[in-house]
Protein chains: 2
Amino acid sequence: MSARTSPDSSRDIPEATVARLPIYLRALTTLSEQGTSTCSSEELAVAAGVNSAKLRKDLSYLGSYGTRGVGYDVEYLRYQIAREIGVTQDWPVVIVGIGNLGQALANYSGFRSRGFRVVALLDADPARRDEVVAGIEVQAFDNLEQIVKDHDVAIGVIATPAVAAQDVADRMVACGVTSILNFAPIVLSVPEQVDVRKVDLSIELQILAYHEQRKAATA
Amino acid sequence: MSARTSPDSSRDIPEATVARLPIYLRALTTLSEQGTSTCSSEELAVAAGVNSAKLRKDLSYLGSYGTRGVGYDVEYLRYQIAREIGVTQDWPVVIVGIGNLGQALANYSGFRSRGFRVVALLDADPARRDEVVAGIEVQAFDNLEQIVKDHDVAIGVIATPAVAAQDVADRMVACGVTSILNFAPIVLSVPEQVDVRKVDLSIELQILAYHEQRKAATA
DNA sequence: AGGAGTTTGTGAACGGGAGAACAAAACGAG
DNA sequence: CTCGTTTTGTTCTCCCGTTCACAAACTCCT
Ligand SMILES: NC(=O)c1ccc[n+]([C@@H]2O[C@H](COP(=O)([O-])OP(=O)(O)OC[C@H]3O[C@@H](n4cnc5c(N)ncnc54)[C@H](O)[C@@H]3O)[C@@H](O)[C@H]2O)c1
Ligand SMILES: NC(=O)c1ccc[n+]([C@@H]2O[C@H](COP(=O)([O-])OP(=O)(O)OC[C@H]3O[C@@H](n4cnc5c(N)ncnc54)[C@H](O)[C@@H]3O)[C@@H](O)[C@H]2O)c1
């Protein structure tokens, strides 16, 4: 194999591409499990549900990891994407709010297998204290600072009711958490250097409802 | 109040705008609960976490529902957006796969309050049968067709393991479901007229990890 | 009534992403 | 070694979405 182009690590990858890299990663893992050792951009694009030209352009931002006339080495490409995203190492994660959703998240095995490790489950309700969810003891929310410091946690997950979410976010930010995944239906305000991503189930359903309504109207 | 412009209902609203309308709707509901009866585009934009110019342009696709020099009537605008999205009526929804996540979804009260009604919980595992989650009895997956027909269900939620998701989707489509919200980490293939939206927790975390890694690198 | 002050609705400029299309590179056959 | 085949990496074009900036419209005050 000849020398691969591997651009300097300070280039910036378009946000739209970053959002798709995890999808490619998953598709490559699936291919790998099926025993496929090589694949073309077309095959991978189908597996990931995207256009093959778009896939190739996305990959070109990372470097030149394919072989013309042949395709991509599944394992090699998978490693390169994982390295680019940063999931070759394990990210410690803390989950706050161990209600319906928090418990489901804690029990989710896809966490561990994709580069994330739940180091603590926190809840403000004393009644939940010492409950064990997914093999992890639920602790007092006040332990947040200690845990973040001890495990060097950068990523926090918020699964509390909406009214508590901003408070929790503020506390997280104060402790040094710089990335937040928020499930509460509220717009969090945080300092600029902190990344927030929101997952909102009812927004997704409402988008479906809109299209559903239009289908019904034109039918 | 003078005549409002209300464009013919068959214009097409940009997808990016559709995705934000539910956010505006939620912000308006919050304002309404706080007793605010009127708001400017700037206030609403702050509450929704977007740029005010973008907000105004988004709203302009629906019609001209504001008053220059004054702002928007909260209740009126809220109703108009709800009508546009289609959540003035109730949408019946069926959830398939009542495991960790499915149970959390079934217990989620935000469903009902935002225009959706869970009409059935289905699971393939006979051990779950007759369990009652959130006041609804878990039924056999084979009841899908009957339920979809009886309640005229258009929207289905998939919370099964990845391996089962495509099968479930196929069955849903065969029954007449035309919108699917998929939580399984897999790319579903469905006929063109069926809408699929995907919620993928680990993708969200991986995107955060990417940015986190970059922060660490430049620090 | 008129003018000052506000805020909407939208035209226009701009930037980024999507997809088509193709040149460059690798490989295999003869 | 040369030619044909395959598939990548990249350029170019187009389109969508964002943002600016301002005229139009409305209120309030004098
Ligand atoms: N359940 C779902 O499927 C679902 C879906 C979409 C969004 N959500 C959102 O996710 C959030 C959690 O939903 P849920 O159904 O798990 O609610 P829940 O009421 O079951 O759980 C919330 C948990 O947060 C804890 N909590 C409250 N205040 C806290 C604080 N200040 N600090 C730490 N912990 C605190 C509570 O003790 C409770 O255990 C809500 O904002 C909800 O709107 C839930
Ligand atoms: N738990 C989470 O927080 C979480 C987060 C993100 C994504 N997910 C994804 O959501 C899905 C569900 O996760 P979970 O943790 O609830 O899993 P789970 O194993 O707890 O539940 C899955 C349920 O689906 C049922 N099921 C299996 N095959 C079925 C079929 N063919 N028809 C109907 N029902 C069937 C099972 O009986 C089980 O009750 C998985 O694909 C998972 O990857 C879960």
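Below, chains carry the letters A, B, ... as their sequence lines are ordered, and counting in each starts from 1.
- Checking C/dG17, D/dG9, C/dC27 against every side-chain atom of A/Val70, the shortest atom distance belongs to C/dC27.
- Using a 4.0 Å cut-off between charged side-chain N and carboxylate O, B/Arg214 and A/Asp12 make no salt bridge.
- Look at CG on B/Asn51: it is 15 Å from C1' on C/dG15, rounded to the nearest Å.
- When only modelled atom types and interatomic distance are considered, A/Asp58 and A/Thr17 share a side-chain donor-acceptor pair under 3.5 Å.
- Taking atom CZ of B/Arg56 as the reference point, atom P of D/dT18 lies 15 Å away to the nearest angstrom.
- Regarding B/Lys54, its NZ atom lies at a distance of 13 Å from the C1' atom of C/dG16, rounded to whole Å.
- A donor-acceptor contact shorter than 3.5 Å links the side chain of B/Thr29 to the backbone of B/Leu25.
- Side chains of A/Thr178 and B/Glu212: a donor on one and an acceptor on the other come within 3.5 Å.
- With distances taken from any side-chain atom of A/Ser60 to the nucleotides C/dT8, D/dA21, D/dG9, the minimum falls on D/dG9.
- Of the listed nucleotides (D/dA23, C/dA18, C/dA25), C/dA18 has the atom at the smallest distance from the side chain of A/Arg20.
- Phosphate contact (OP1/OP2 of D/dT8, side-chain N/O of A/Ser41, threshold under 4.0 Å): present.
- Applying the 4.0 Å criterion to OP1 and OP2 of C/dT6, one finds that B/Tyr72 has every side-chain N and O outside that range.
- Residue A/Ala53 places its side chain closer to C/dA21 than to any other of C/dA21, D/dT8, D/dA21.
- Heavy atoms of B/Glu15 sit under 4.0 angstrom from primed sugar atoms or phosphate atoms, though from no base atom.
- Taking atom CZ of residue A/Arg68 and atom P of nucleotide D/dG9, one finds them 6 Å apart after rounding to whole Å.
- The base of C/dG17 is not paired with the side chain of A/Lys57 by any donor and acceptor separated by under 3.5 Å.
- Between A/Thr67 and D/dT8 there is no side-chain N or O to OP1 or OP2 distance below 4.0 Å.
- The interatomic distance linking B/Leu44 (CG) with C/dG9 (P) rounds to 12 Å, in whole Å.
- Nearest nucleotide to the side chain of A/Pro14, out of D/dC20, C/dG17, C/dA23: C/dG17.
- A/Tyr65 has no side-chain polar atom (N or O) that falls below the 4.0 Å cut-off from OP1 or OP2 of D/dT7.
- Rounded to a whole Å, the OH atom of A/Tyr61 is 12 Å from the C1' atom of D/dT11.
- The interatomic distance linking A/Ile13 (CD1) with C/dG17 (P) rounds to 12 Å, in whole Å.
- Rounded to whole Å, atom P of D/dC16 lies 16 Å from atom CG of B/Asp58.
- In terms of modelled atom types and a separation under 3.5 Å, the side chain of B/Thr30 and the main chain of B/Arg26 share a donor-acceptor contact.
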